[in-house]
Amino acid sequence: MRGGFRVQHQEEEEESAFVSMTDMTVSFLFIVMLLLAFFASQYSENDTVSRTIYEEVVTQRDMAREEIERLLTLVSQKEKRIQEQSVEIDELRALVDEKEKRVQAQSIEIDELKEQIAELQREIAKLEEVIAKSKKPDPLEAYLTRSAAERRRILETLRNQLKVDFPDLQVVISEESDALRFQGEGLFDRGISTLKADRRAVVEKIAARLEQILPCYTLGPKKSWNAECNPSLSIIEALQIEGHTDWDGTPDSNLNLSTARANSTFTTMTSSKPGLVDFQNFRNQPVLSVAGYGQMRPIRKNDTTEGKATNRRVDLRIIMYSPSRSDEIERIRISLEKSDGVANGNP
């Protein structure tokens with residue numbers, strides 16, 4: 001009884017499952033029929049196209065898709081290239097900025113160098129001007145040089161003539177080439193201010209030579225200038241007879257002795273040639289003068305016999321007139337050429 005029930009129950013279950021599958025199949029078919037009915041109701045011959053057109057449209061669609069894909073690929077490539085170029089542009093801009101900074105720095109440096117060059121050119125111009133002036137002879141300097149040379153020539157002439165007339169006479173030209181020096185006991189005995197008897201002739205001979213020389217280098221009534229005897233237009237400012245001693249004795253006694261010797265020489269010269277006092281300088285003053293310096297102007301040390309003998313001397317010093325301006329040279333020329341021998345006013 002119980003086994004039959006199980007068989008029946010099993011059959012009922014299988015029958016129920018079959019019914020369920022059948023219902024589902026029927027329902028599916030029903031839906032399909034409904035769909036077919038719907039599509040059939042929507043069908044219209046006007047909406048259909050020929051297969052040829054369809055295939056052509058499909059072909060164009062496929063070609064359009066391919067073209068779109070190609071264009072998209074090209075766009076992608078272009079975008080990538082644009083990105084790469086943007087990076088390159090940024091790098092170039094950075095490089096340009098760096099170059100501009102370098103150019104600006106170099107421009108500043110160039111300006112500084114130009115200013116330095118301009119300063120150097122100004123310095124060069126100044127130096128060239130100095131060089132040009134140094135090359136161009138200064139009339140005043142040239143005149144003074146000629147006057148110094150002329151004084152040396154006068155002293156050499158006097159010395160050489162005295163050496164011929166008095167070979168044993170101790171007479172030399174000073175180191176400065178401005179004086180004749182009669183050293184030691186050449187003119188005076190030691191401590192005596194009176195000329196040696198045999199040396200009066202020396203002083204008188206000097207006076208005679210000076211009377212011949214001075215007219216060409218002085219002004220005044222006895223002036224006698226010409227371009228042959230004095231081409232440098234030199235004028236003697238002073239012809240000074242100077243007395244000097246060594247350090248033996250007291251300063252006062254030496255000063256008196258040197259002055260007395262200078263005066264004795266002056267007196268002997270002017271007694272022999274009185275006209276010497278008429279020779280005048282550019283200031284219309286007598287050129288002949290005297291001075292005593294005692295022991296104050298030694299030319300050697302006084303600690304040896306030889307040094308003392310050298311310091312005991314009489315100097316015949318020639319001082320040339322030194323113009324202070326170039327335009328005075330022309331005034332000197334005019335004064336020398338004037339027939340009356342008088343300077344054209346004091347300088």
Report task. Output yes when Arg153 and Glu150 qualify as a salt bridge under the 4.0 Å nitrogen-oxygen rule, no when they do not. Result -> yes
Query raised in the report: Is any NZ, NE, NH1 or NH2 atom of the basic residue among Arg122 and Glu115 found under 4.0 Å from an Asp or Glu carboxylate oxygen of the other?
Result: yes
Requested in this report: Would you mind reporting whether His244 and Ile299 have side-chain heavy atoms less than 4.5 Å apart?
Outcome: no
Query raised in the report: Between Asp327 and Arg325, is the closest basic N to carboxylate O distance under 4.0 Å?
Result: yes
Report task. Decide, yes or no, whether a salt bridge links Asp178 with Arg151 under the criterion of side-chain N to carboxylate O below 4.0 Å. Result -> no
**Report entry** Cationic N near anionic O, under 4.0 Å, Glu66 to Arg70
**Finding:** no
Query raised in the report: Taking Lys308 as the fixed residue, which of Thr245, Asn302, Asp303, Asp248 is the one that meets the side-chain hydrogen bond (donor to acceptor under 3.5 Å, both in side chains) rule?
Result: Asp248
Query raised in the report: Any sub-3.5 Å donor-acceptor pair from Ser264's side-chain atoms to Ala260's backbone N or O?
Result: no
Query raised in the report: Is there a donor-acceptor contact under 3.5 Å from the side chain of Lys223 to the main chain of Leu336?
Result: yes
**Report entry** Test applied, side-chain hydrogen bond (donor to acceptor under 3.5 Å, both in side chains); reference residue, Arg181; option that passes from Glu242, Gln170, Glu175
**Finding:** Glu175
Requested in this report: Would you tell me whether Thr265 and Asn263 have side-chain atoms, one donor and one acceptor, within less than 3.5 Å of each other?
Outcome: no
**Report entry** Partner of Asp246 by salt bridge (charged side-chain N to carboxylate O under 4.0 Å, His left out), out of Arg312, Arg313, Arg300
**Finding:** Arg312
Query raised in the report: How long is the span from the CD1 atom in Ile235 to the CG atom in Asn230, to the nearest 0.5 Å?
Result: 8.0 Å
**Report entry** Side chains of Ser234 and Ser232, donor plus acceptor under 3.5 Å
**Finding:** yes
Report task. For Ser76 and Leu72, indicate whether the former's side chain and the latter's backbone hold a donor-acceptor pair under 3.5 Å. Result -> no
**Report entry** Student check: side-chain heavy atoms of Val171 and Lys163 closer than 4.5 Å
**Finding:** yes
Query raised in the report: Are Arg51 and Glu55 within salt-bridge range, i.e. N to O under 4.0 Å?
Result: yes
Query raised in the report: Are the side chain of Ser272 and the backbone of Thr268 linked by a donor-acceptor contact shorter than 3.5 Å?
Result: no
**Report entry** Euclidean distance, Met296 CE relative to Leu255 CG, rounded to 0.5 Å
**Finding:** 5.5 Å
Query - Glu228, CD: over 12 other non-hydrogen atoms inside 6.0 angstrom - result: no
Query raised in the report: Does Asp165 reach the side chain of Val202, with side-chain heavy atoms less than 4.5 Å apart?
Result: no
Query raised in the report: Are side-chain N/O atoms of Glu328 and Tyr321 paired as donor and acceptor at under 3.5 Å?
Result: yes
Report summary line: In this structure, OG1 of Thr73 is separated from CD1 of Ile68 (nearest 0.5 Å) by 11.5 Å
Query raised in the report: Side chains of Glu84 and Arg81: closer than 4.5 Å at any heavy-atom pair?
Result: yes
Requested in this report: Mind checking the CD1-CZ spacing from Ile241 to Arg261? Nearest 0.5 Å is all I need.
Outcome: 14.5 Å
Query raised in the report: Could Arg317 and Asp315 be called an ion pair, given the rule that one side-chain N must be under 4.0 Å from one carboxylate O?
Result: yes
